[in-house]
Structures are given as structure tokens and as C-alpha cells.
Amino acid sequence: MIKARRERKAQSNTMRRSKLSVRIAFITILSSLFSILALEFIYVYMQGVVEDYEHVIDVDLNDEELMDSIMVDMHQHQGMVFEHMVEPEKIARQEIMDEAALVEKRLKENMMTLGESVRGTEYEAVFHDIFSDMSTYVKNVKLVVDMTKEHKEQTANVYMVNELIPLVQDMDKQVEKLGDMIHNNVEEVKIKVKSDTDMMRIITYAVLLLLVLSSAFNVSYCIRISNEMVSRDLLTGVANFDHLINVGEKLGKRNRLKNYSGLAISIKDFKFINQEYGSVIGDIVLKSYATALNEKLIRGELLCRNGGDNFLALVEKERVESYLKEINKVPVDVGDKLGLTVTSRCGIYQIAEDDTIYDMVNAGLIAVGETRTSGAQDYVWFRRERRDEMIRRKDILNGYHRAIDEEEFVVYYQPKVNLRTRTLCGCEALVRWIRNGELVPPGSFIPVLENDGKVQELDFYVFDKVCRDISDWQRRGLQPVRVSSNFSKLHLHNKEFAEDVLAVVDKHGADPYYLETELTESSGYEDFNALTHFVSEMKEAGIHTSMDDFGTGYSSLSLLRDIDMDVIKLDRTFLRDQYDAKEEKMVENIVRMIHDLNRHVICEGVETEEQVEFLKRVGCTMAQGFLFDRPLSREDFEKRLINPYYD
Ligand code: C2E
Ligand code: MG
Ligand code: MG
């Protein structure tokens with residue numbers, strides 16, 4: 001289920017990313033298209049402008065040249081007519097007129113070309129005036145020529161001066177007028193081209209600016225999106241763990257982190273929600289829950305998701321109580337009319353002056369972890385001792401494997417004494433850890449290993465050494481005593497526990513008679529069955545079993561009745577400095593009952609002769625305690641085997 005959920009989450013993340021990519025691509029394509037269109041528009045427009053310009057420059061200026069050559073021809077023709085009038089020689093006159101006819105022909109052709117060129121333009125009217133002047137001139141020039149032929153030079157001269165010269169002058173004026181018009185038009189076009197070019201320049205700049213802006217927008221959008229991807233939790237949209245760390249580090253640098261409390265928040269029984277409603281609803285719950293938690297924060301505060309249903313928040317110190325009240329019960333909307341209200345668990349840590357954001361995270365997590373222990377409140381304030389404890393536990397667990405490999409664990413033996421004869425009658429194997437040259441007592445690491453499920457290995461390590469030592473003592477001719485080894489009740493979960501024990505015994509060829517297994521009294525039906533099985537297996541193999549710390553558990557009496565253990569070890573809580581009659585009676589009866597059930601009884605933790613006397617009075621004849629011996633190294637214990645008397 002978790003795998004499927006992860007896959008779904010990965011899919012939805014991929015979908016979000018591809019949606020964002022599509023958005024970025026869309027904006028990029030759109031702005032590029034727009035820019036291309038704008039540039040294309042500028043290009044087409046400029047082409048029009050250039051065509052206009054070309055028309056005026058090429059066509060109009062050609063016309064102007066043509067007009068100039070027409071006028072040159074006019075004046076040349078006129079000159080020839082004058083020349084003709086003053087030429088006395090007939091042949092020469094004819095030559096002049098032939099030449100004049102050529103000029104006239106060229107003049108007419110050029111007029112025709114000009115006429116074609118200006119047809120339909122604004123210059124047409126002026127052209128017609130010039131044309132009619134020219135036609136009148138050509139017609140009248142014939143009269144002048146005829147008059148000359150008839151030797152009426154005088155009249156021809158007058159006619160020439162009064163009629164033809166004004167005509168040519170008028171033509172000049174008309175041509176000048178046409179020239180001015182063309183010049184004006186060229187000027188106009190020049191001005192227009194300039195203003196159009198200026199406008200296009202502005203448009204081009206605007207388009208380029210737009211391009212730059214859209215690229216800047218794209219870049220900033222990409223940066224924002226990638227920042228968001230880096231700093232946001234993709235499922236819930238709140239900040240992610242990295243972002244919290246970044247913000248926390250910045251606050252720390254500005255010495256403002258101390259103004260906050262760190263909260264580690266999780267949903268109570270979220271596992272159940274996932275199992276009951278499925279992971280899709282689970283995700284919806286997470287999203288709504290995160291949104292609700294986030295909405296209740298104020299500016300400057302921060303919530304991040306730390307995987308699963310775990311959140312971390314930085315909340316201003318004085319607002320913590322009110323925030324906790326607000327998030328205690330959070331209604332979440334999961335659609336389909338399914339209303340859910342989720343309860344929060346929270347570990348709270350008051351950030352101190354020199355704390356880093358990591359201190360806050362660790363402390364918050366430790367505190368929220370405590371809310372999970374049975375009977376704990378939903379809100380737990382972090383206690384500093386708890387952190388020290390965690391560090392200690394970590395240290396033990398970290399050093400454990402190396403300690404096993406390098407044989408840092410050693411077995412000590414604490415003698416058991418027959419109180420009647422005051423002689424050695426057995427011993428208990430107790431483990432010690434020689435760590436960095438120091439002897440560490442088991443009380444500080446056994447519970448940690450037990451909690452982490454690692455103690456079983458150590459128990460067998462100890463038991464292995466015990467079996468080895470017993471065989472060794474026998475081989476060396478030392479008379480051994482029965483050695484009890486401690487086994488955690490966690491072994492009872494192992495169906496092959498008894499077989500494993502016997503395998504070690506076989507391995508060393510140890511005599512089962514000298515072996516005893518101590519188990520702390522346990523409760524619970526499951527343990528009970530496993531314990532019964534184990535005890536009968538041991539009995540069959542000839543190994544003693546003993547119930548350790550009797551009197552500290554819950555179902556001592558029923559265990560005593562139902563499980564056939566050989567030895568009952570009274571816990572040292574039975575021993576006091578002073579006893580009253582009632583108490584003595586009670587212990588006496590317990591001891592008698594154990595004897596009646598055919599079990600041995602031994603009391604541990606005997607430190608004074610008064611306690612020995614007390615035990616004797618109540619009928620307990622075996623004891624273990626500092627009064628006789630502390631747990632001894634193997635070498636010291638071997639001396640005790642040689643001299644087993646306590647005087
Ligand atoms: P336990 O099995 O009840 O062992 C008896 C403890 O009482 C030992 O503590 C012993 O040193 C201590 N003791 C004996 N006589 C006296 C006395 O006169 N006064 C006082 N105050 N204490 C006395 P130790 O060696 O520190 O072991 C503590 C516990 O650690 C043991 O309690 C046992 O539960 C556990 N333990 C020791 N070795 C092993 C082991 O190899 N495996 C497991 N699972 N637990 C072990
Ligand atoms: Mg014990
Ligand atoms: Mg004990």
C-alpha cells in the first residue's frame with residue numbers, strides 16, 4: 001500500500017512539474033510568436049514605405065529629368081527658329097529647319113512619354129497645360145517659318161516675340177510648377193519616411209522591450225517555480241523541511257530564533273485513517289490538515305511538512321498556547337459528505353538563546369515521540385533530560401556492534417550462598433561492558449538494547465561464555481557450581497529459543513546440570529505459552545530454570561502455580577532494614593508456599609547480617625548479595641570456587 005501511495009505521489013508530482021513546464025513553454029511560445037508577428041508587421045510596413053519612396057524617387061525624379069530635357073529642346077527649337085529667320089541662305093535655312101524637325105520630333109516623343117508617366121496622377125492637369133502650350137507653339141512656329149519664307153521677317157519677328165516667346169515662357173513656368181510639385185512631394189515623402197522610420201523605431205524598441213520583459217518574466221517565473229519546487233512540499237503546498245532549516249538558520253544568525261517555540265506536530269492515528277479510508281483520502285486529509293495548520297499561523301511563523309503526517313512549525317513563543325488550542329481538533333473536508341475531524345499530537349520545545357534550528361527539530365521530535373507512549377498526553381513539552389537520555393541511548397546502540405566484535409563485553413559471576421552452611425552454592429552470570437577502560441554496569445545498557453531488540457544477541461554471547469567457562473573449569477579439575485544466565489523475555493518471541501540454548505550447550509559440551517536460565521517474570525497469554533514450552537524443554541534437557549525478580553511483576557502467583565520453574569528468585573525489595581511482624585509473616589508464607597510447590601527459593605540483594613537472619617527466620621536458605629560477594633571477574637570467581645566458604 002505504501003509503495004502504491006509513493007508511486008501515486010510520484011505521479012502527481014510529475015504531473016505538477018509537467019503542468020508547470022507546459023505553462024512556462026506556453027508563455028515562451030506566446031511571447032516569441034507575438035515578437036515574430038510584431039517584427040513581421042514592421043517589415044511589411046517598412047516595405048510599403050520603401051515602395052512609396054522608390055516611386056517618388058524613381059518615377060517623379062525621372063519625370064523631372066524628362067521635363068528638363070523637354071524644356072531644353074523647346075529652347076533649342078526656339079533658338080533654331082530664330083536662327084532660321086536671320087539666315088539669308090536658303091539651303092542653310094533648310095538645314096536648320098531639318099534639324100529643328102528632329103528636335104521637334106524628340107520633343108513630341110518626350111511629351112508622349114511624360115504624358116504616359118503622369119497619366120492618372122496629380123501632375124496630369126499641369127502636363128496638359130504644358131502640352132497645349134507646346135501644341136500651340138508647334139502650330140504657330142509653322143506660321144513664323146512661312147512668314148520668313150515669304151520674306152515678311154518683320155512680321156515674323158513681331159509674331160515670334162509676342163506669341164511664341166510668351167508661350168515658351170509659360171511652358172517654363174508650368175514646368176517649374178510641375179517641378180515644385182514633384183519637389184514638394186519628394187519632401188513630403190522624405191518627412192513621412194522619417195516619421196515612419198521614427199515610429200517604426202519606437203515600435204521596434206517596444207517589441208524588443210516586450211521581448212526583454214517577457215524573457216525577464218519567464219526567467220523570474222522559472223526562478224520562482226524552481227524556488228517553489230525546492231522549498232515547497234509538493235503534496236500539501238506548505239514549506240518543506242529544507243526551507244524550515246534555511247529560515248531557521250537565518251533567524252538564528254539574526255538572533256531571533258529564540259523568540260519562537262518549535263512544534264513537532266502529527267495526526268493522531270493517521271495510520272488508521274489511511275487503512276480505513278485508503279491513501280487517496282489520506283492524502284486529502286494531509287492537504288486539508290496542512291492548510292488548516294498553516295492558516296492559523298501569523299506572519300513570520302512557519303509550517304513545514306517533514307514527511308508522512310509529520311509537520312514542524314516555528315510559532316512565536318507567546319502564541320503557542322493559543323495555537324495549540326486551535327489545532328487540537330481540526331475538521332478536514334474530504335468531500336463526498338465525509339466529514340472528518342483529526343486530533344493533533346504535538347511535541348513542543350521552547351527554543352533557548354544558543355539553540356540552533358537542529359536543536360529545535362530534535363527536541364520537538366523527541367517530545368512528539370513521547371506523546372506516542374501509552375498514557376501520555378497529546379501535547380508534551382520537551383524535557384532536557386529526555387534528550388540527554390536519547391543521546392545516551394544512541395551512543396550505546398552505536399557502540400554495541402563494535403563491542404560485540406571486539407569482545408568488550410565480559411562476564412562476571414556473583415556467588416549464591418547457602419545460608420545454613422555459608423558455602424558457595426551457585427552463581428549468577430552478569431554482563432559488564434568494558435568501554436574505554438571503564439566498567440559499565442548492565443543497568444545502563446541492557447534496557448536500551450532490550451528496547452531496540454538487540455539484547456538477545458548479547459544474552460547468547462554471555463551464555464556462550466558461561467558454557468565455555470563451565471567446560472573449562474571441569475577440564476581443569478575445578479569443581480563448578482550451577483551458573484544462572486539472564487535471558488530477556490524477548491526471547492520468548494523466538495520459537496527456537498530452547499533449541500538455540502541447547503545448541504550452545506552442545507557446542508561447548510557443557511554439563512546441563514550446572515546450567516540455569518533466569519527469566520524475568522512476564523505477563524500476557526502469548527508469553528505464558530512460550531514460557532511453558534521453554535521451561536518444559538529445559539527441564540527435559542536437565543537445565544534449571546528460574547524466575548527472576550519475583551514479586552515485582554503482576555501475575556506472580558498464577559505463574560508460580562502454572563509454570564514449573566525450579567527456582568524462584570525473590571527480588572531484593574523483599575529485604576528491608578527493619579521488619580514488622582506482619583511483613584515477616586507474609587514473606588514467610590511466600591517462602592513456604594514456594595517450598596510447598598517444590599521449588600527452590602533464593603533471595604537477591606543481601607547486604608547485611610540482619611537480612612541473613614531474617615531470611616533464615618522465614619525459611620529462605622539461599623541468598624546472593626554484596627554481603628557475600630559482589631559480581632566477580634572470572635579469575636576472582638575461580639578463586640572462590642577453590643575456597644567456597646563464607647565465615
Ligand atoms: P538481576 O538479574 O536481578 O541481577 C541482580 C542484580 O542485582 C545485579 O545487578 C547485581 O549486581 C545486583 N546485586 C546483587 N547483589 C546486590 C546487593 O547486595 N545490593 C544491590 N544493590 N545490588 C545487588 P547488575 O549486575 O547491575 O545487573 C542488573 C540487571 O541487568 C540484572 O538484574 C539483569 O536483569 C540484567 N542483566 C545483567 N546481565 C544480563 C544479561 O546477560 N542478560 C540480560 N538479559 N540481562 C542481564
Ligand atoms: Mg538475574
Ligand atoms: Mg534479579
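Quantities reported herein were computed from a predicted structural model and do not represent experimental measurements. For ligands, and for the atoms within them, numbers begin at 1 and follow the listed sequence.
Ligand 1 has an N or O atom lying under 3.5 Å from an N or O atom of V431, backbone or side chain. Considering backbone and side-chain atoms alike, F626 places an N or O below 3.5 Å from some N or O of ligand 1.
In this structure, a donor-acceptor pair under 3.5 Å is present between the side chains of D629 and Y646. Looking only at atom types and distance, the side chain of N529 has no donor-acceptor partner in the side chain of T532 under 3.5 Å away. Defined by atom type and a distance below 3.5 Å, a donor-acceptor pair is present between the side-chain atoms of Y349 and R384. In the model, Y413 has no side-chain atom that pairs as donor or acceptor with a side-chain atom of E638 under 3.5 Å. Checking S484 against K569 by side-chain atom types alone, no donor-acceptor pair falls below 3.5 Å. Under the 3.5 Å distance criterion, with hydrogens and angles disregarded, a donor-acceptor pair is assigned to the side chains of D566 and T545.
For the Mg ion (ligand 2), the set of nearby N, O or S atoms under 2.8 Å includes none belonging to E604. Residue contacts to the Mg ion (ligand 2): D549 brings no N, O or S atom closer than 2.8 Å. The Mg ion (ligand 2) has no N, O or S atom of S484 under 2.8 Å away, backbone or side chain.
The closest approach between any non-hydrogen atom of R630 and ligand 1 is not below 4.0 Å. Ligand 1 is never approached by E450 to a heavy-atom distance shorter than 4.0 Å.
D395 is listed as a side-chain neighbour of R435, based on a closest heavy-atom distance under 4.5 Å. Using a 4.5 Å heavy-atom threshold, the side chains of M593 and L560 count as touching.
When each of D388, N398, N451 is tested with R393 by the rule side chain to side chain contact (heavy atoms under 4.5 Å, CB included), just one qualifies, namely N451.
Looking at E428 and the Mg ion (ligand 2) together, the shortest N, O or S contact belongs to OE2. Nearest N/O/S atom of E518 with respect to the Mg ion (ligand 2) is recorded as OE1. Nearest N, O or S atom of D548 to the Mg ion (ligand 2): atom OD2.
Protein heavy atom at the shortest distance from atom 29 (C) of ligand 1 is P442 CG, 4.4 Å. Scanning all protein heavy atoms for the shortest distance to atom 31 (C) of ligand 1 gives L430 CD2, 4.2 Å. Considering only non-hydrogen protein atoms, atom 22 (N) of ligand 1 sits nearest to R572 NH1, 3.3 Å.
Listed by atom number, the atoms of ligand 1 under 4.0 Å from E428 heavy atoms are 1 (P), 2 (O), 4 (O), 5 (C). The contact set between ligand 1 and E607, taken as ligand atoms under 4.0 Å from a residue heavy atom, comprises 17 (C), 18 (O), 19 (N), 20 (C), 21 (N). With ligand atoms numbered from 1 in the order given, ligand 1 contributes 3 (O), 5 (C) to contacts under 4.0 Å with heavy atoms of E604. Below 4.0 Å from some heavy atom of S488 lie the following atoms of ligand 1, by number and element: 44 (N). Near D459, meaning under 4.0 Å from any of its heavy atoms, are these atoms of ligand 1: 40 (C), 41 (O), 42 (N), 43 (C), 44 (N).
The proximity of K569 to ligand 1, defined as any non-hydrogen pair under 4.0 Å, does not occur for either the backbone or the side chain. The proximity of D549 to ligand 1, defined as any non-hydrogen pair under 4.0 Å, is limited to the side chain. Proximity of I446 to ligand 1, defined as any heavy-atom pair under 4.0 Å, is confined to the side chain (atoms from C-beta onward).
For F497 and H533, the ring centers are positioned 6.0 Å apart or more. The ring of F534 has its center no closer than 6.0 angstrom to the ring center of F487.
Protein heavy atoms are absent from the space less than 4.0 angstrom from atom 6 (C) of ligand 1. Within 4.0 Å of atom 27 (O) of ligand 1, at least one protein heavy atom is present. Proximity of atom 9 (O) of ligand 1 to the protein is not indicated, since no non-hydrogen protein atom lies closer than 4.0 angstrom.
Taking the six-membered ring where the residue is Trp, Y579 and F614 present parallel rings, their angle staying beneath 30° rather than reaching 60°.
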Stepwise side-chain hydrogen bond (donor to acceptor under 3.5 Å, both in side chains) check, D464 with H508: CA-CA 8 Å; D464 185 87; H508 293 284; 3.1 Å; yes
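A donor-acceptor pair is defined here as one N or O able to donate and one able to accept, closer than 3.5 Å; no such pair exists between the side chain of R420 and the backbone of M622.
For atom 1 (P) of ligand 1, the nearest non-hydrogen atom from the set T608, V606, V462, D548 belongs to D548.
Separation of atoms CD (Q611) and CG (L627) is listed at 8.0 Å; rounding is to 0.5 Å.
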